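These notes concern the structure reproduced below.
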Amino acid sequence: MLLPLIASRRRIAAVSLAFLFPLVGAATAHEGATGVVAQRMDVMKQMGQHMKALGAMVTGKTVFDQETAQHLAETMHQHCEHVMHMFPPGSDGHHSEATPAVWTNREEFDARMRRFDAAVEELMAAAASGDKAQLGTEFKAVGQECSGCHDTFRQKK
Ligand code: HEC
């Protein structure tokens with residue numbers, strides 16, 4: 001269920017709404033996962049969709065539209081600020097695919113979240129500037145933060 005390229009204003013509104021109600025339907029986000037585990041999976045998944053849409057734009061697979069890029073980056077930032085509070089103590093297990101390190105190596109996890117947040121802020125700034133090359137650079141940097149964290153803190157499939 002990947003978002004198609006978000007080009008029209010109406011679809012942008014849908015994306016913003018998806019942010020306002022990110023938790024609706026979250027209980028069914030993943031087999032067996034419920035509560036905050038399902039919620040963070042859902043938010044992560046949405047960030048994945050936004051990265052995909054942005055990636056398509058910066059690589060020229062889809063038409064570059066600054067307004068859409070800006071909405072995607074802003075929504076990602078909101079998601080990021082949300083998701084960093086969605087790993088409370090005791091929320092391992094429960095079908096979570098997080099590694100125990102999230103809770104045993106909390107300092108590094110939190111530091112990674114802050115770096116991720118900073119990278120997404122750069123992404124927003126690049127989107128706001130309308131500089132497509134800069135957006136491409138920041139997009140890559142954000143992608144590295146995603147996979148850098150997953151390397152340690154998300155179970156390998
Ligand atoms: C600081 C750590 C961290 C960062 C940064 C991070 N993630 Fe994650 N991500 C996780 C963890 C931990 C999980 C596993 C959560 C769980 O199952 O409880 C996860 C899970 C996921 C999932 C699977 C969701 C599901 O349905 O199970 C996707 C997709 C994902 N992340 C995408 C992203 C994308 C895209 C980015 C960057 C834009 C990102 N993540 C940034 C830690 C991170």
Side-chain angles (χ1 to χ4, degrees), residues 1-6 12 14-16 18-59 61-62 68-128 132 134-157:
M1 39 167 274
L2 293 172
L3 275 183
L5 170 68
I6 301 134
I12 287 169
V15 168
S16 315
F19 163 67
L20 283 174
F21 304 102
L23 310 184
V24 171
T28 55
H30 220 272
E31 317 112 47
T34 55
V36 76
V37 176
Q39 288 169 7
R40 69 192 178 216
M41 284 173 169
D42 199 52
V43 173
M44 286 282 176
K45 215 180 287 174
Q46 290 185 46
M47 290 199 297
Q49 289 163 355
H50 292 155
M51 282 297 276
K52 198 170 169 138
L54 271 173
M57 252 193 255
V58 298
T59 56
K61 237 180 258 163
T62 54
T68 305
Q70 215 170 333
H71 271 88
L72 286 168
E74 283 168 9
T75 308
M76 274 189 55
H77 187 241
Q78 290 161 339
H79 281 155
C80 166
E81 302 263 309
H82 246 74
V83 86
M84 63 169 69
H85 303 297
M86 288 184 166
F87 290 88
S91 65
D92 49 344
H94 305 95
H95 300 273
S96 170
E97 284 159 12
T99 63
V102 171
W103 294 276
T104 58
N105 194 355
R106 192 61 186 207
E107 242 167 73
E108 191 194 331
F109 182 75
D110 287 343
R112 280 213 165 266
M113 274 294 186
R114 283 193 298 272
R115 270 178 43 185
F116 172 53
D117 191 39
V120 174
E121 276 169 12
E122 294 295 321
L123 183 78
M124 269 199 311
K132 193 179 158 192
Q134 188 61 24
L135 187 65
T137 303
E138 303 304 344
F139 171 80
K140 233 185 254 166
V142 169
Q144 278 164 4
E145 294 300 330
C146 308
S147 51
C149 182
H150 291 163
D151 281 348
T152 310
F153 295 105
R154 181 183 172 195
Q155 291 172 23
K156 311 269 179 294
K157 296 264 167 169

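Every number for a ligand or one of its atoms is a count from 1 in the order of the listing. It should be emphasised that the depicted structure is a prediction, and the values quoted were computed from it without experimental measurement. For reference, positions follow the sequence shown, starting with 1.
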With atoms numbered from 1 as shown, which atoms in ligand 1 lie under 4.0 angstrom from a non-hydrogen atom of [X]?
X      : value
Met76  : 38 (C)
Glu145 : 5 (C)
Phe116 : 5 (C), 37 (C), 38 (C)
Glu97  : 14 (C), 16 (C), 17 (O), 18 (O), 27 (O)
Phe109 : 1 (C), 2 (C)
Lys45  : 26 (O)
Gly48  : 35 (C)
Ser96  : 16 (C), 17 (O), 18 (O)

For [X] versus [Y], what's the shortest heavy-atom pair and its separation?
X      : Y      : result
Cys146 : Phe116 : SG-CE1, 4.3 Å
His71  : Thr75  : O-OG1, 2.7 Å
Met86  : Ser91  : O-OG, 4.5 Å
Ser96  : Gln155 : O-NE2, 3.6 Å

Decide yes or no on side-chain contact (heavy atoms from CB on, under 4.5 Å) for Val83 and Met113, but give the supporting numbers first.
-> CA-CA 9 Å; Val83 86; Met113 274 294 186; 3.8 Å; yes
Side chains of [X] and [Y] only: does a donor on one sit below 3.5 Å from an acceptor on the other?
X      : Y      : answer
Glu138 : Gln134 : yes
Asn105 : Glu108 : yes
Thr152 : Arg112 : no

Is it the case that ligand 1 has an N or O less than 3.5 angstrom from some N or O of [X]?
X      : result
Arg112 : no
His95  : no
Arg40  : yes

Is Met51 touching ligand 1 with its side chain, its backbone, both, or neither, if touching means heavy atoms under 4.0 Å apart?
->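 Contact part for Met51 vs ligand 1: side chain (C-beta onward).
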Among Ala101, Ser147, Cys146, Gly55, closest by any non-hydrogen atom to atom 38 (C) of ligand 1 |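 Selected option, by shortest heavy-atom distance: Cys146.
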Look at the aromatic rings of Phe109 and Phe153 and report parallel, tilted or perpendicular, splitting at 30° and 60°.
->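 Correct class here is perpendicular.
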Met44 atom SD and His150 atom NE2 as seen from atom 8 (Fe) of ligand 1, angle to 10 degrees |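 For SD of Met44 and NE2 of His150, the angle centred on atom 8 (Fe) of ligand 1 reads 170°.
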